[in-house]
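Nothing here was measured: the structure is a model prediction, and the numbers come from that model.
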Amino acid sequence: MPGIPKTISSSTDPRPIVFTAQSKRFFYCRDAICEFVFNNGAVPVNPFRVFGYFLGDRVDRGLVREANNNLIRLCDQLWVFGNTIANGVLFEIVYAHELGRSVQFYSVATTAREIHAVSPRSLRFEPELYRLGYSRDDLVEVVTGFRPAPTSEPRLFDPDEAEVPSLEDTA
């Protein structure tokens, strides 16, 4: 760049921007997920890095979820981490499909080298998603974009679920 010495410049190469969707039960894997995205040539937008863990409850969680949805709209792709799909992640997947974004699926781990692509057919779904009246095969079609979203919209989070699992519960 003219006028900027090479010693203080950095690359301005464009890279795809990826929203990283994951269950809050695996928030502790956020660094490995970001490393994985960087290693695969993209720029991660990780909600647990952007807003911490719901900003330590300093603001209403609904505002944080709305902010996440705005970030999904700004991103080029959505990458889902974890073999079990939570209701909030299902909402993000459905929204990404509605926006025409590419959706990819990966395992989740505490190191980037352990993360790998997974088939949507291998996904599992949290129990509250079956209450929508869909079978497992139906839900696989929803996450792959081959079936419309449930007519009763998935809630971002089940009001009956525990607020924050302890690390012992998630390990």
Side-chain angles (χ1 to χ4, degrees), residues 10-11 13-99 101-120 122-129 139 142-145 154-171:
S10 65
S11 173
D13 292 341
R15 293 179 179 265
I17 308 298
V18 171
F19 186 89
T20 61
Q22 67 188 85
S23 168
K24 69 181 182 179
R25 288 175 174 80
F26 297 104
F27 78 95
Y28 58 90
C29 297
R30 64 193 179 272
D31 290 341
I33 288 170
C34 289
E35 178 185 356
F36 178 83
V37 174
F38 274 124
N39 289 344
N40 283 278
V43 177
V45 174
N46 183 283
F48 297 110
R49 279 275 156 239
V50 175
F51 303 117
Y53 191 80
F54 294 113
L55 277 176
D57 287 326
R58 292 176 182 260
V59 298
D60 181 77
R61 287 184 179 197
L63 292 174
V64 174
R65 292 176 187 122
E66 184 178 329
N68 285 345
N69 295 335
N70 277 272
L71 291 174
I72 292 169
R73 193 172 56 251
L74 297 172
C75 289
D76 301 308
Q77 301 173 17
L78 180 98
W79 292 7
V80 178
F81 292 86
N83 288 29
T84 302
I85 303 299
N87 54 357
V89 173
L90 179 65
F91 181 90
E92 293 167 344
I93 293 167
V94 168
Y95 187 51
H97 282 306
E98 288 174 359
L99 295 170
R101 304 296 187 265
S102 167
V103 178
Q104 298 178 38
F105 300 91
Y106 297 93
S107 62
V108 67
T110 55
T111 65
R113 71 179 179 281
E114 295 175 286
I115 297 173
H116 59 274
V118 297
S119 164
S122 70
L123 298 175
R124 295 179 307 232
F125 299 88
E126 290 190 350
E128 65 269 11
L129 295 176
L139 289 167
V142 168
V143 300
T144 56
R155 293 184 308 267
L156 287 177
F157 291 87
D158 189 333
D160 295 328
E161 77 178 353
E163 283 299 309
V164 179
S166 69
L167 284 176
E168 294 80 32
D169 294 338
T170 60

How close do [X] and [Y] get, heavy atom to heavy atom, and via which atoms?
X	Y	answer
Ala21	Leu78	CB-CD1, 4.0 Å
Gln77	Gln104	OE1-NE2, 3.3 Å
Asp76	Arg15	OD2-O, 4.3 Å
Pro44	Thr20	CB-CG2, 4.3 Å
Asn68	Pro47	OD1-CB, 3.4 Å
Leu90	Ile85	N-CG2, 3.8 Å

Using 0.5 Å steps for rounding, measure from the [atom1] atom of [X] to the [atom2] atom of [Y].
X	Y	atom1	atom2	value
Asn87	Ser23	CG	OG	9.0 Å
Ile93	Leu123	CD1	CG	7.5 Å
Phe19	Leu99	CZ	CG	12.0 Å
Glu66	Asn70	CD	CG	6.0 Å
Leu129	Phe91	CG	CZ	13.0 Å

Decide yes or no on side chain to side chain contact (heavy atoms under 4.5 Å, CB included) for Val89 and Glu92, but give the supporting numbers first. CA-CA 5 Å; Val89 173; Glu92 293 167 344; 4.2 Å; yes
Test side-chain contact (heavy atoms from CB on, under 4.5 Å), reference Ile33, set Thr110, Val18, Val108, output is Val108
Does the Thr84 side chain pair with the main chain of Arg124, one donor and one acceptor, at a distance under 3.5 Å? no
Has the side chain of Arg65 got a donor or acceptor atom that lies under 3.5 Å from a matching backbone atom of Asp60? no
For Arg49, give me all partners under salt bridge (charged side-chain N to carboxylate O under 4.0 Å, His left out), at least two apart in sequence or on another chain. Asp31
Does the side chain of Cys75 reach to within under 4.5 Å of the side chain of Ile17, using non-hydrogen atoms? yes
Can you find a pair of side-chain heavy atoms, one from Phe48 and one from Gln22, that are under 4.5 Å apart? yes
Under the ring-ring contact (aromatic ring centres under 6.0 Å, His included) test, residues paired with Tyr95 that sit two or more places apart: none
Tyr106 and Phe36: aromatic ring centres closer than 6.0 Å? yes
